[in-house]
Number of protein chains: 2
Amino acid sequence: MARTTGSHSDITGPRVRAAALRLFAAGGYAAVSMRAIAAEVGVQAGALYNYTPDKQSLLFDLMQGHMTDLLAETPSDPTRPAMQQLQDFVAFHIRFHADRPDEVFIAYMELRNLTPENFAVIEGLRREYEDRLETILRTGVENGYFAVADPKIVTLAIIAMLTGVNTWYRAGGRLSLDEVVAQYWDMVRKAVTV
Amino acid sequence: MARTTGSHSDITGPRVRAAALRLFAAGGYAAVSMRAIAAEVGVQAGALYNYTPDKQSLLFDLMQGHMTDLLAETPSDPTRPAMQQLQDFVAFHIRFHADRPDEVFIAYMELRNLTPENFAVIEGLRREYEDRLETILRTGVENGYFAVADPKIVTLAIIAMLTGVNTWYRAGGRLSLDEVVAQYWDMVRKAVTV
DNA sequence: GTCTATATAGTGATAGAC
DNA sequence: GTCTATCACTATATAGAC
């Protein structure tokens, strides 16, 4: 992928972010050098600084983009029964995360490599996502469909369980994503039902 | 903690491991220098190499020690009913992990910083632990106590859910560890019961 | 917009004095 | 067993030519 010369501003920027995403997910933010990212893109290290002010911004932009995409696509229809909303949430979470293994890995593993200011932003987005699920659980409790002693705990437990799928699921493996979604929905449904 | 001179072989070794544990958990293996570990112990960087052949061994020893402790302490009594064995496992997992937040964090976050040979060892120990739970689930299914379509999936889901406690639980917080164990056991029990 | 070259600082690990 | 000093690299980021 060695390049020669010329102008590529409109395509190089996305390629820098894609290379950083792949390399950060594979080796970890601290272990990946700007030179390695540049080599993956096919430019020299100095050229990266036309697309990002520094390495930290590269990480933050990837994580922020991931979290805002997550929030934008989360299903949210308060008119549906709580049980349906919960099923929608479970299916969405598994499918969204299965589609973006690198982003998910970074979002969980590289939090400590964010500056305190950037960490606060990402943490806020994460809490916003958790609140979506917690609201569904509280609604179901109020309406008598769910038996959940502590909605906050159950929220965190469900999200941890669902996100765990990413540690083992691979497309083309023993189970289809449909089967995975069905299995996890079965567990979640039983765990929260009266 | 600056030191002056003298011999400390029997106490410096454990202190090196303790410092590496704390710093790796706080900043990540790749981001922590041998000089930082030495400073935490109160010696110069060169002196560390009296206690470890290299930085990689320091990480591996911490992870291997954690996993062998985990396996050694896991309750295992096949004569008890599967439901009791499962409850024992859930309570043990939460308490063991709550006691060792740094070790748990490293065991999950630093897998990719192990050499391939060391990774294979840790991965084998991890699978051994998962097999303990999977065996309990299969026993309960055979005896008609559990309704679990795919014991392997449920094993991974339960472990992910339980380990997630470490991301938010802090001693002295809103919930006691007894309450946390009770809440999670309630969810697990309902999720696997017929 | 990308290049080459470089400033400045840090890295893991080792050698040899004490 | 710990020290100081150092080797050989690598790091992020910048300056200036083209």
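Just so we're on the same page: letters track the sequence lines, and every chain starts at 1.
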Hey, can you pull the donor-acceptor pairs under 3.5 Å for the side chains in residues 86-97 of chain B, sequence neighbours left out?
residue : atom : partner  : partner atom : Å
B:Asp88 : OD2  : B:Arg80  : NE           : 3.0
B:Asp88 : OD2  : B:Arg80  : NH2          : 3.2
B:His93 : ND1  : B:Tyr129 : OH           : 2.6
B:His93 : NE2  : B:Thr163 : OG1          : 2.9
B:Arg95 : NH2  : B:Asp178 : OD1          : 2.7
B:His97 : ND1  : B:His93  : O            : 2.8

Legend entry - A:Gln44 side-chain N/O to C:dT2 phosphate OP1/OP2 under 4.0 Å: no
Legend entry - ring pair (Phe, Tyr, Trp, His ring centres under 6.0 Å) contacts in which one or both residues fall within residues 17-41 of chain A, not counting sequence neighbours: A:Phe24-A:Tyr29
Legend entry - A:Thr12 side chain, from C-beta outward: closest of D:dT4, C:dT2, D:dT2: C:dT2
Inset, instruction - Measure from CZ on A:Arg15 to C1' on C:dG1 and round the result to the nearest Å. - result: 14 Å
Legend entry - Remaining members of the apolar cluster that contains B:Phe105, side-chain heavy atoms under 4.5 Å: A:Phe105, A:Met109, B:Met109
Inset, instruction - Go through the side-chain N and O atoms of A:Asp77 and A:Gln85 and say whether any donor and acceptor fall under 3.5 Å apart. - result: no
Inset, instruction - Taking ring pair (Phe, Tyr, Trp, His ring centres under 6.0 Å) as the test, write out the residues that go with B:Tyr184, two or more places apart. - result: none
Inset, instruction - Determine which pairs satisfy salt bridge (charged side-chain N to carboxylate O under 4.0 Å, His left out) with at least one residue from residues 54-64 of chain A, sequence neighbours left out, and list them in order. - result: none
Inset, instruction - Give a yes/no answer on whether the side chain of B:Tyr51 brings an N or O atom under 4.0 Å of OP1 or OP2 in D:dT2. - result: yes
Inset, instruction - Take nucleotides 12-18 of chain C nucleotide by nucleotide from the 5' end and write B, S or -, depending on whether a protein heavy atom sits under 4.0 Å from the base, only from the sugar-phosphate, or from neither. - result: BBB----
